[in-house]
Amino acid sequence: MAKLRWGGQLRAARKAVATHRGQAEADANPRYRLALAESLSTLGELLAKVGRPAEGLPHAEEAVDICRALADTELARYRHDLAECLGTLGELLTTLVRPAAAQAAKDEATALGREPADLVAFYRDLAEADPDRRRPALAAALHYQASRLKQDDRPDESLPFVEEAIALRRGPAEAGTDPLRRIALARSLCLLGELLGQLGRPADGLPFVEEAVALRRDLAEADADPRRGIALALYLRALSRLLLQLSRPAEALPFAREAVGLWRRVAESDAGDRRYRAGIAISLHTLGELLAKLDRPAEALPYAQEAVDLHRAGVGLLGSRRLAGALRTLGEVLAALDRPAEAQAAQDEATALGGETEADNP
């Protein structure tokens, strides 16, 4: 009976691997790569349980390779998945009496659960010993540390980490054909541009965000899936905000319009995902704000009103501070249209919500 049970589980696991491999080969969406990695890791683990660890090892190794490539691009999102696959690999290597390799896998899995600064130190040591293989992981750890410092409102401390990440990512992105390398570089470039804007240096940040937009535009145009435009929409908004900081709203306007259009297409492709409506709300707020600054309040009004409606509907996801910012912009637009009572009502609601506008914080 036990053999029948394991046999059924193995057949199901192999079928899952075949299904997910087909999906991953047909669609560049990272979720299909991740599903393939998870099914490979499960298959490797099952083979070990039925006394066939040597047969399971290549499946576990492939799972780690897939997760590592994803984590090298976006460590904050995929580090737990990589840690789980490394844990499975470590157990298989232990069973096969390869203690050094097993310990290395287990050590990395443990390190992935630590704070960003510890992870940077861990991967820096590995990169010094094996630069060709480990520099992408170090770059991902550096970007992760920079992002955390930015979230903690410490942009000046964040700057050197993201600058080092870009230096490590630029060569592989320009030399190779793997789109994940260009995605990783674009992410770090945009982060650097945003940090410089946050530090009052928008002119210095502008070329980095422009480069990020160019990279993501090429990738989005090569893929028919509307969701490939999400990152481009985010970078376009970051570009709009820097141009707004530089008092160049007219130049920012087409980028803001494009961002709204990209979010709408994504939302139409998957109407059930609230995150996409949140993206539209934030981009609409930026577009309405730009039109207001260009003294075009009549054009701004429908965007500002829709932004408020979407922020109000998604306040649990977006937060009351963003709703307050959208209400302030709507109030300014209504005041410019000589509708004082409605303008005051919007401003009063924003004040009651408390907090400051999110307008300058992409």
Side-chain angles (χ1 to χ4, degrees), residues 30 33-34 36-38 40-41 44-45 56-150 157-189 191-192:
R33 295 196 196 192
L34 182 59
L36 174 58
E38 290 171 346
L40 284 163
S41 187
E45 191 173 11
L57 182 63
H59 299 298
E61 289 175 328
E62 185 182 357
V64 167
D65 289 344
I66 292 169
C67 281
R68 193 183 299 288
L70 292 170
D72 287 351
T73 304
E74 193 173 356
L75 185 59
R77 183 174 182 179
Y78 296 110
R79 65 191 179 103
H80 294 299
D81 302 300
L82 177 56
E84 288 182 5
C85 288
L86 282 164
T88 298
L89 177 60
E91 293 301 325
L92 275 165
L93 290 165
T94 298
T95 303
L96 291 167
V97 196
R98 294 173 55 182
Q103 193 60 54
K106 292 175 181 178
D107 287 347
E108 186 175 1
T110 300
L112 285 162
R114 296 176 187 158
E115 289 299 307
D118 296 327
L119 202 48
V120 167
F122 177 82
Y123 280 121
R124 196 179 294 284
D125 287 342
L126 292 181
E128 288 175 358
D130 189 356
D132 290 339
R133 289 183 63 244
R134 295 299 194 170
R135 277 178 179 164
L138 173 58
L142 289 161
H143 181 102
Y144 180 37
Q145 171 74 329
S147 298
R148 284 284 292 272
L149 289 166
K150 181 178 184 289
E157 296 175 57
S158 178
L159 209 57
F161 292 103
V162 72
E163 287 174 334
E164 185 179 357
I166 289 171
L168 290 170
R169 285 176 159 174
R170 189 175 290 284
E174 293 175 349
T177 58
D178 187 349
L180 286 178
R181 297 289 181 233
R182 298 197 295 281
I183 289 170
L185 174 60
R187 182 172 284 113
S188 290
L189 287 164
L191 176 58
L192 177 56

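Note that this is a predicted model, so its numbers are computed, not measured.
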### Task
Compare every heavy atom of S188 with every heavy atom of V162, then report the nearest pair and how far apart it is.
CG2-O, 3.4 Å
### Query
Partners of E163 by side-chain hydrogen bond (donor to acceptor under 3.5 Å, both in side chains), sequence neighbours excluded?
none
### Query
If you measure from CG on L57 to CG on L96, what distance do you get to the nearest 0.5 Å?
6.0 Å
### Task
Please identify each residue that fulfils side-chain contact (heavy atoms from CB on, under 4.5 Å) with A69, with sequence neighbours left out.
L180
### Task
Tell me, please, which residues at least two apart from A184 pass side-chain contact (heavy atoms from CB on, under 4.5 Å).
T73, R169
### Summary
Between the NE2 atom in H143 and the NZ atom in K150, the distance rounded to the nearest 0.5 Å is 10.0 Å
### Query
For residues 115-126, which residue pairs qualify under side chain to side chain donor-acceptor pair (under 3.5 Å), counting only residues two or more places apart or in two chains?
E108-Y123, E115-R148, R124-E164
### Close side-chain approach of L189 to R170, heavy-atom, < 4.5 Å
yes
### Message
Using only atom types and a distance under 3.5 Å, with no angle test, would you say the side chain of T110 pairs donor to acceptor with the backbone of K106?
### Response
yes
### Query
What residues, two or more places apart in sequence or in another chain, satisfy side-chain contact (heavy atoms from CB on, under 4.5 Å) together with R79?
L75, L112, Y144
### Message
Could you report the tightest heavy-atom contact between V120 and A141, atom names first, then the distance?
### Response
CG2-O, 3.4 Å
### Summary
Here the pair of heavy atoms bringing S147 nearest to L191 is OG-CD2, 3.6 Å
### Query
In Å, rounded to the nearest 0.5 Å, how long is the span from CG of L89 to CG of L40?
12.0 Å
### Query
Quick one: side-chain contact (heavy atoms from CB on, under 4.5 Å) partners of P172, sequence neighbours excluded?
R181
### Query
Are side-chain heavy atoms of L168 and P136 found at a separation under 4.5 Å?
no
### Message
Minimum heavy-atom separation for A146 and S158, please, with both atom names.
### Response
O-OG, 2.7 Å
#### Entry: Where L34 and C67 come nearest, the two heavy atoms and their spacing
CD1-SG, 4.1 Å
### Message
Can you give me the closest heavy-atom contact between A83 and A109, atom names plus distance?
### Response
O-CB, 3.6 Å
### Task
Would you mind reporting whether P116 and F161 have side-chain heavy atoms less than 4.5 Å apart?
no
### Task
To the nearest 0.5 Å, tell me how far L138 CG sits from E128 CD.
9.0 Å
### Query
Is there a side-chain contact between E38 and S41 (heavy atoms, below 4.5 Å)?
no
### Query
Quick one: CD1 on I166 to CG on L142, what's the gap to the nearest 0.5 Å?
11.0 Å
### Message
Quick check for you: to the nearest 0.5 Å, what is the distance between I66 atom CD1 and R68 atom CZ?
### Response
12.5 Å
